[in-house]
Participant: 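The structure under discussion is supplied below as structure tokens; questions concerning it will follow.
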Amino acid sequence: MNIIIEILIAVIGLGLCYLAASKRVTDNKHVNTVLLFIGFWVIAAAVYMAIF
């Protein structure tokens with residue numbers, strides 16, 4: 001069950017990074033940078049959960 005949650009969190013992070021990189025949400029550079037930053041941290045949290 002725990003692995004499913006970790007994969008789901010990683011997919012959410014990848015989705016945020018994809019939305020920011022493809023500028024699907026907005027053309028505002030600041031908003032896209034913040035979304036990319038949050039996406040990377042969500043992926044990092046999923047990796048941390050998987051390791052420990």
Participant: Would you call the rings of F37 and W41 parallel, tilted or perpendicular, where under 30° means parallel and over 60° means perpendicular?
Facilitator: perpendicular
Participant: For the CG atom of L19 and the OG1 atom of T26, what is their distance to the nearest 0.5 Å?
Facilitator: 12.0 Å
Participant: Would you name the heavy atoms of I43 and C17 that are closest together and state the gap between them?
Facilitator: CD1-SG, 4.2 Å
Participant: May I ask whether M49 and I51 are part of the same hydrophobic cluster, defined by side-chain heavy atoms of I, L, V, M, F, W, Y residues being less than 4.5 angstrom apart, directly or through others?
Facilitator: no
Participant: To check you understand the geometry: which heavy-atom pair defines the closest contact between A46 and E6, and what is its length?
Facilitator: CB-O, 3.7 Å
Participant: Using 0.5 Å steps for rounding, measure from the CG atom of L35 to the CG atom of N32.
Facilitator: 6.0 Å
Participant: Going by the rule side chain to side chain contact (heavy atoms under 4.5 Å, CB included), which residues pair with I38 if we only count those two or more places apart in sequence or in a different chain?
Facilitator: L16, V34, V42
Participant: Give me the one residue out of I4, I3, I9 that meets side chain to side chain contact (heavy atoms under 4.5 Å, CB included) with I7.
Facilitator: I3
